[in-house]
Structure formats: C-alpha cells, structure tokens
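Count residues from 1 along the sequence. Numbering of ligands and ligand atoms starts at 1, following listing order.
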Amino acid sequence: MTKVITYGTYDLLHFGHIRLLKRAKALGDYLIVGVTADDFDKTRGKINVQQPLMERIEAVRETGIADEIIVEEYEGQKIDDICRNDVDIFTVGSDWEGKFDYLKEYCEVVYLERTDGISSSEVRDKRRTVRFGLLGDDSLLNKVRMEAGFVNGLQVVALCTNRIEVMGGELRSVDIVTDDFDEFIKHVDAVYVQSLPAKHYDQIKKILEMGKHVLCESPITLNQEQCRELFLLAENKGVILMDAIKTAYSTAFARLLLMVKGGEIGEVVSVDATCTSLKILEDRHQNVWEGIYGWAPTALLPIFRLLGTDYHDFKIVSRYADGEKNRGDFTKIDFIYNHAVASIKVGDGVKSEGELIISGTKGYVYVPAPWWKTDYFEIRYENQSDNKRYFYQLDGEGIRYELVAFVRAIERGRSMSNIDQEVSCGISEMMDHYVRGTNMSII
Ligand code: C2G
C-alpha cells in the first residue's frame, strides 16, 4: 500500500485545495492530511486565518478525500509523521517548490501544480474591507497603522489629529488627514480612539451613535457609569466597542492566565504588576496621557482578570513632582480582596523593574520586564527542579492580534475581545477614584 501525506491550513476551503487533495490521493492508496493548528499558524506568521482548527478539519473531512486527518502542531513534525506512519510520498502545492526537499531523506517528495486564480486570501479579500480611522495625538498611531497593514479586511483611510508633526510619512499620506472630528467620522466605518481619556466619552458616544465601531485605547472612560452606558449603546446600535490593551492579546499573557486559573500555582494570594517608562519632563507635558492613564489599564489587567473587580478596599498613593501640579508621575495602588491582595506601580517619572509576579499557595508566576510585551514566563515552585518555562511568539507587541480580533468581531457581529466588560468598567472606575482623589494620598 502506498501512503501519501500532505499538509495545509485549508482556511475557507476552496477548489484549489480540493484539486490538490484529489491529486494527492491519486498518488497512492491511502491519504493522510495534516491540518495546521491555530498556534502553529500564528508562529508561521499566518494571523489572518478565519476558521478555527475544528472548522477547518471538518471541511477537509467533508470532502471525503482524506483517509486520515492529523493536526500539525510544531516545526519539524513532518519528519516525525512520515517516519511514524511509514509514509511513501510527501506532497504539497508548487508554491512550496524546493522548500520541502529536506524530506527526500525520508520519502519521495512531489510538488503538485498549484491551481491558479484562487486562494484563501482572495476569498477573504472579497469580504467588505473595514475603513479604519485613527484618532489621537500620540505617535503610537504610527505603530497602529503599521500593524493594521498585516491584518486582512482592515484599511486605514483617515487620521484625525492635532499633532501632525508626530505622525510618520505613511500615516500622513492616508486619504483623509484632518483635525476636524466631524469631517473625519464621515469617512470611516470604525475608529481607533487614542485621544486623551477625558475626551473619550463624548467622542465614543458620537461615533457609536453614528453606527460605527470603536476600538479604544484603555481607559474607555474616566467613569464606570459612562463606560457601562457606552457598552449598552454599542449593543443597542449593533456595533462593536472594544477596549484596546495590547497585552491582553499577547499569547504568553493569555496562556499564563489560563494556567493560573487552571490551578497551576494553587490559590492566587497576591498579584503585583509594575509598568514604568521614564519620560523627560518636556514630553510629559506635551503628551498629556500621563503615567496613570498610560500604564494603569495594563497593570490592572492581570489583577482584574485573576481576582475580579470586587475588591473590598484600595489605597492610592501618587507622587506629584515639584512644579507638576495635578499630575502624578508615579502611582501605587494597593487592593484588598477577601482572600488576596494586589498592587500596581505605574508612572512616567520614576523607573522600576517592569515585572509581573503572581503568588499562589503552590508556586508563583514570574514574568520578567517588560512583562506587558512578553513572549516568555516562568512558573516557579519550592522545589526548583519543578520550575517550568514557557515561550510563545509575539508579533507586533499584540497590536496585530488585537486588530484581528476587532475585525472578526465586526464581521461576526459579536465581541471577540480578550477583555470583558467588567474589566473595562473596573478600569474606568479606578480612573474615576484617581481623578476624584478617593482613598488617595499625595506624596
Ligand atoms: N493549494 C493549491 N492551489 C491553490 C491554493 C492552495 O494547490 N490555489 C495547495 C497548497 O499548495 C497546499 C494546499 O493547497 O499544498 C493547502 O494550502 P494552504 O491551506 O494554503 O496551506 P499552506 O498554508 O500553504 O500550508 O505545513 C503547512 C503546509 O506546508 C502548507
């Protein structure tokens, strides 16, 4: 019996795939089809895959061509599969010509002619493209524009800013560049809101009322009720409102939360997160996204995701540097929960080690600086030989994956956010306490 093996993503299965599978089967008597796992695609840079693994497997199964379906999960697995299954022929489309010659050591390698005129990307591109507008005055928008370039179905068409001087050439050359919010909003389907937090509520409300989607740099508002009101408005209008904290979309961060929730370190007793970035005084005054707004949402994320927002006490201490009235350049917030404590240290005028430590009754998670854009973490135990280390690829600091989740949410008409509404509203509530000076000492 001649055994044949072939691999693919098979996203939005089309006749190019089916033709290849039929010819692959015709090369022998038994066909094994390897379908790529979601994580494996991510590490191969395929971030726009629309269908989850199970749907893609189901589509391949429904063709009735495969005798066996396996999942391809890691680099180098093809050699393992070929040896373990006594495969005679490896085959793949001619777009991979030469790339798999290294398998000739193990079996015959056949490149089949790729079918012209059809591809998953073309099928994906036939969907309507979301006209994306960027709103704000921070150079971070350059990064968002660049990352949007990796995301299918999203095109940056407009920029609304009062600080054109910090925007790069590519961003300056989008179709609409204006400082007029009302004009800007007419030309887009969705907006990335990066304006000052104090402006968010009015702007987001207007955008949502016009039936357009919003991805907002956290905090969504500086008040919990307003945050809830906006989520409700989005729901009533049938549009998406999503909080933008890129760390929530880092695979390492998402996995560590799942492991902790799965009991890997026992009961969580303490969460400590530090995020600082030293800015020179002039920049601090220029960029009015002061340290607390810039960093607190990220630092609060692991705390609220793991312990919830139902703390029963908190204390804020903020440092107001000389000559900086009403502007904290370093803030520490401590939380007391029924069975746990937590703390954040954030700022843009004081430098500290940007690490995340989650302490539990069986062990702890250590994420080294800068934890908010990590691809790595450790779970450590009393017995050091039990320690485990985890690596996950991170592209574009998470912004890319965040934009993919936003486009999917728009297409599917339901939230695909990694940050639930309770967390977003909890962050807004904490900003409110800060603005009002509730339970706050100034040093
Ligand atoms: N294919 C084809 N004609 C097309 C499109 C795809 O013959 N118009 C073939 C590809 O060459 C591949 C198979 O169909 O052999 C599956 O295509 P993809 O889903 O795009 O798979 P790919 O991401 O190329 O992964 O380890 C993964 C494999 O190496 C291939």
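Residue Asp180 places its CG atom among more than 12 non-hydrogen atoms of other residues, nucleotides or ligands, all under 6.0 Å distant. Atom NZ of Lys345 has 12 or fewer heavy atoms from other residues, nucleotides or ligands within 6.0 Å. At most 12 non-hydrogen atoms from other residues, nucleotides or ligands lie less than 6.0 angstrom from CD of Glu170.
The closest heavy-atom contact to atom 10 (C) of ligand 1, among the options Asp95, Val49, Thr91, comes from Asp95.
In this pair, Tyr392 and Phe377 present their aromatic rings parallel. The plane angle is below 30°, not in the 30 to 60° band. Ring planes of Phe132 and Phe406: tilted class, angle from 30 to 60°. Between Trp96 and Phe100, the ring planes lie tilted relative to each other; the angle falls in the 30° to 60° range. Note on ring orientation: taking the six-membered ring where Trp is involved, the planes of Phe90 and Tyr7 are tilted (angle from 30° to 60°).
Here's the thing with Arg23: none of its N/O atoms is less than 3.5 angstrom from an N/O atom of ligand 1. The shortest N or O to N or O distance between Ser94 and ligand 1 is not below 3.5 Å. Considering backbone and side-chain N/O atoms, Thr115 comes within less than 3.5 Å of an N/O atom of ligand 1. Residue Arg44 has at least one nitrogen or oxygen atom sitting less than 3.5 Å from a nitrogen or oxygen atom of ligand 1, judged on distance alone. Geometrically, ligand 1 and Asp11 share no nitrogen or oxygen pair separated by less than 3.5 Å. Some N or O of Thr9 is nearer than 3.5 Å to an N or O of ligand 1, by distance alone. At least one N or O atom of Gly93 sits closer than 3.5 Å to an N or O atom of ligand 1. For ligand 1, one of its N or O atoms has an N or O atom of Ile118 under 3.5 Å away.
Between Ile358 and Ile265, the shortest heavy-atom distance links the atoms O-CD1, 3.5 Å.
Protein heavy atom in closest approach to atom 1 (N) of ligand 1: Arg114 NH1, 4.0 Å. In this structure, atom 24 (O) of ligand 1 lies nearest to the protein heavy atom Trp96 NE1, 2.8 Å. The closest protein non-hydrogen atom to atom 9 (C) of ligand 1 is Leu20 CD1, 3.8 Å. Among all non-hydrogen protein atoms, the one lying nearest atom 29 (O) of ligand 1 is Phe100 CZ, 3.4 Å. Counting protein heavy atoms only, atom 14 (O) of ligand 1 is closest to His17 CD2, 3.6 Å. Nearest protein heavy-atom neighbour of atom 19 (O) of ligand 1: Tyr10 N, 2.8 Å. Of the protein's heavy atoms, Lys46 NZ, 3.8 Å lies nearest to atom 22 (P) of ligand 1.
Contact annotation: His14 has at least one heavy atom less than 4.0 Å from an atom of ligand 1. At a 4.0 Å cut-off, not a single heavy atom of Arg19 sits close enough to ligand 1 to count as contact.
Here is the list of ligand 1 atoms found below 4.0 Å of a heavy atom in Glu72: 26 (O), 27 (C). Within ligand 1, the atoms closer than 4.0 Å to a non-hydrogen atom of Gly8 are 16 (C), 19 (O), 21 (O), 25 (O), 30 (C), numbered from 1 in the order shown. Shown in contact with Tyr7 at under 4.0 Å from a heavy atom are these atoms of ligand 1, numbered in order with element: 26 (O), 27 (C), 28 (C), 30 (C). When each atom of ligand 1 is checked for a heavy atom of Val92 under 4.0 Å away, the hits are 15 (O).
Residues Lys205 and Asp202 are not paired through a salt bridge, judged by the lack of any N-O separation under 4.0 Å between the basic side chain and the carboxylate.
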Criterion salt bridge (charged side-chain N to carboxylate O under 4.0 Å, His left out) on Arg131 and Asp189, from CA distance to verdict:
CA-CA 5 Å; Arg131 295 174 305 155; Asp189 306 311; 2.9 Å; yes
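In this structure, His187 contributes its side chain and Val157 its backbone to no donor-acceptor pair below 3.5 Å.
A donor-acceptor contact closer than 3.5 angstrom is absent between the side chains of Tyr293 and Asp348.
Considering only heavy atoms from C-beta on, Arg56 comes within 4.5 Å of Thr36 through its side chain.
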